Protein chains: 2
Amino acid sequence: MPRRENISMSVIRRLPRYYRFLTHLKDKGVTRISSTELSVKLGLTASQIRQDLNCFGGFGQQGYGYIVDQLCDEIGNILGLSSRYKTILIGAGNLGRAIASHMQFEDEGFDLIGIFDSSPSKTGTRINGHIVIDTTELENFCEKEKPVMAILCIPREGVQSIIERLYGMGVRNFWNFSHYDISMRYEDTVVENVHLNDSLMTLCYRISNPNDK
Amino acid sequence: MPRRENISMSVIRRLPRYYRFLTHLKDKGVTRISSTELSVKLGLTASQIRQDLNCFGGFGQQGYGYIVDQLCDEIGNILGLSSRYKTILIGAGNLGRAIASHMQFEDEGFDLIGIFDSSPSKTGTRINGHIVIDTTELENFCEKEKPVMAILCIPREGVQSIIERLYGMGVRNFWNFSHYDISMRYEDTVVENVHLNDSLMTLCYRISNPNDK
DNA sequence: TAGATTGTTAATCGATTAACAATC
DNA sequence: TAGATTGTTAATCGATTAACAATC
């Protein structure tokens, strides 16, 4: 059971995919799967899958394969999905509202406890059971509720100052949908960027340049 | 001017970031930048930036650096942002509506020409100037309008059958927000997945396992 | 036991970084 | 010309793949 330190991002980014697929298999009633079968379904090599899993432990049985249920639970544990991280969302525009209503945060370790916006046209409105709070209330709210993670769905211009305020209130983890690249000038922060425009541009490139992969 | 074939995905995924940052510099009135300055701002190495750019041509001037305006335009061209790709969106739920209203498709080569949903509660409603069309009309619409790209904002279960219908109507490019991994059984397709749940799980992992990068 | 499939080490491949000659 | 910075080749590093011994 090696449990290596410093797992690479390449491996980490594949974990949710494994988890998602194994959950699906479990729901279908499949009990056992080999790395070779998995590799075919996921378009990876069996070698890679075994390497990835063995970063965390020996979950398989030689000559048999992996027990779907068990492996699924193990990966869920590795991902830390049963944690509870108090989460706030900043920005109740189209995107913020969609994220708030669309995501099942609870299944992935996060509890959405507040939604903020600075526009009077948004504050007071209700999104999925949450009343949108004025951003001026941020400090009061954080002091009382101690959120540890913030989802940023605000325009580029507002990001830097919001981050500084949140960092000051102890928030260290950010799921960032803004066009702004949060630079790593802060210690101990975890930032996951979702740059939808970048994703779309990549797609544009790939359509426009069909020779490349 | 080498213009290598088969640019790697690693390089392609950095292009939008370069473009975004250079646009920002341009707006700020910066005219000239060196790979070293860029590397500091973007948290990359100067070497990597020069390598990346030289996949497409020698855009710099020795002893001087890069002209921001010019480099920005070049990358825009490489990305193909001035193309016009007729695009439809399937699924007018929270996420689909947000994507339709939030993204500036026109700036990135795409023209949104239709939004579809199969629920009678959604069809007929208006999103950002588009009336939501019943999915049963998909074939009629495609025959007339010939879209080349589809944005998928529907639940997992519906994806496979929609893709088959769209593929049959000549759609080859997909921006996929569903939990479903579109497998590459189709030729000549370009698929860009945006798995928000995967992204969130990765974040959960990184918060739960602070030792790793 | 024989067959299958893992865990793990070694080999290969690709991407990043370093170095430097070319040149503006 | 001297200084600066690119374009490009060579060296390094990391990730993926192949191979196989361990073992269920």
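Given the structure is predicted, the values throughout are model-derived calculations rather than measurements. Below, chains carry the letters A, B, ... as their sequence lines are ordered, and counting in each starts from 1.
The listed nucleotides are dA15(D), dG7(C), dT6(D); the one nearest the side chain of Ser8(A) is dA15(D). Taking every side-chain heavy atom of Ser10(A) into account, dA15(D) is the closest of dT6(D), dA15(D), dA10(C).
For residues 15-25 of chain A, every residue pair satisfying the salt bridge (charged side-chain N to carboxylate O under 4.0 Å, His left out) rule, not counting sequence neighbours, is listed here: Arg17(A)-Asp181(B), Arg20(A)-Asp181(B), Arg20(A)-Asp198(B). A salt bridge (charged side-chain N to carboxylate O under 4.0 Å, His left out) check over residues 57-69 of chain A, counting only residues at least two apart or in different chains, returns nothing. Screening residues 37-61 of chain A for salt bridge (charged side-chain N to carboxylate O under 4.0 Å, His left out), with sequence neighbours left out, gives Arg14(A)-Asp52(A), Arg32(A)-Glu37(A). Residue pairs meeting the salt bridge (charged side-chain N to carboxylate O under 4.0 Å, His left out) criterion with at least one partner in residues 74-94 of chain B, sequence neighbours excluded, are Arg84(B)-Asp111(B), Lys86(B)-Glu145(B).
Remark: Tyr66(B) is not in phosphate contact with dA4(D), judged by side-chain N or O atoms under 4.0 Å from OP1 or OP2. Between dT6(C) and Ser35(A), a contact under 4.0 Å exists linking OP1 or OP2 to a side-chain N or O.
The CG atom of Leu71(A) sits 10 Å away from the P atom of dG7(C) (whole-angstrom rounding). Note: CG (Leu53(A)) to C1' (dT6(C)) measures 11 Å, nearest angstrom. Protein atom CG of Asn54(B) is 15 Å distant from nucleotide atom P of dT16(C), rounded to whole Å. Rounded to whole Å, the distance from CD1 on Ile33(B) to C1' on dT6(D) is 15 Å. For Ile7(B) and dA15(C), the CD1 to P distance is 11 Å, given to the nearest whole Å. Atom-to-atom, CD1 of Ile67(B) to P of dC24(C) comes out at 13 Å; the value is rounded to the nearest Å. The separation between Phe56(A) atom CZ and dT6(C) atom P is 18 Å, rounded to whole Å. Separating the CZ atom of Arg32(B) from the P atom of dA4(D) is a distance of 11 Å, rounded to the nearest angstrom.
Remark: Arg156(A) engages no residue in a salt bridge (Lys or Arg N to Asp or Glu O under 4.0 Å) (not counting sequence neighbours). Under the salt bridge (Lys or Arg N to Asp or Glu O under 4.0 Å) criterion, Lys26(B) pairs with Asp73(B), sequence neighbours left out. Taking Glu106(B) as the reference, nothing meets the salt bridge (Lys or Arg N to Asp or Glu O under 4.0 Å) condition, with sequence neighbours excluded.
More than 12 non-hydrogen atoms from other residues, nucleotides or ligands lie less than 6.0 angstrom from CD of Gln104(A).
One can find a donor-acceptor pair under 3.5 Å joining the base of dT9(D) and the side-chain atoms of Gln51(B). Side-chain atoms of Gln62(B) and base atoms of dT6(D) include a donor and an acceptor less than 3.5 Å apart.
At distances below 3.5 Å, not a single donor-acceptor pair connects side-chain atoms of Asn176(A) with backbone N or O atoms of Glu192(A).
Counting any heavy atom pair closer than 4.0 Å across all strands shown, Thr36(B) reaches no nucleic acid atom.
Mapping Gln61(B) and Gln61(A) onto DNA chain D by nearest heavy atom places Gln61(B) closer to the 5' end of the strand.
Stem list for DNA chain D (at least 3 consecutive Watson-Crick or G-U pairs, distances under 3.5 Å): C:3-24 with D:3-24.
Only Thr45(A), Ser47(A), Gln48(A), Arg50(A), listed by number, bring a heavy atom of residues 43-50 of chain A to less than 4.0 angstrom from any atom of DNA chain D.
A donor-acceptor contact closer than 3.5 angstrom links the side chains of Ser208(A) and Tyr85(B).
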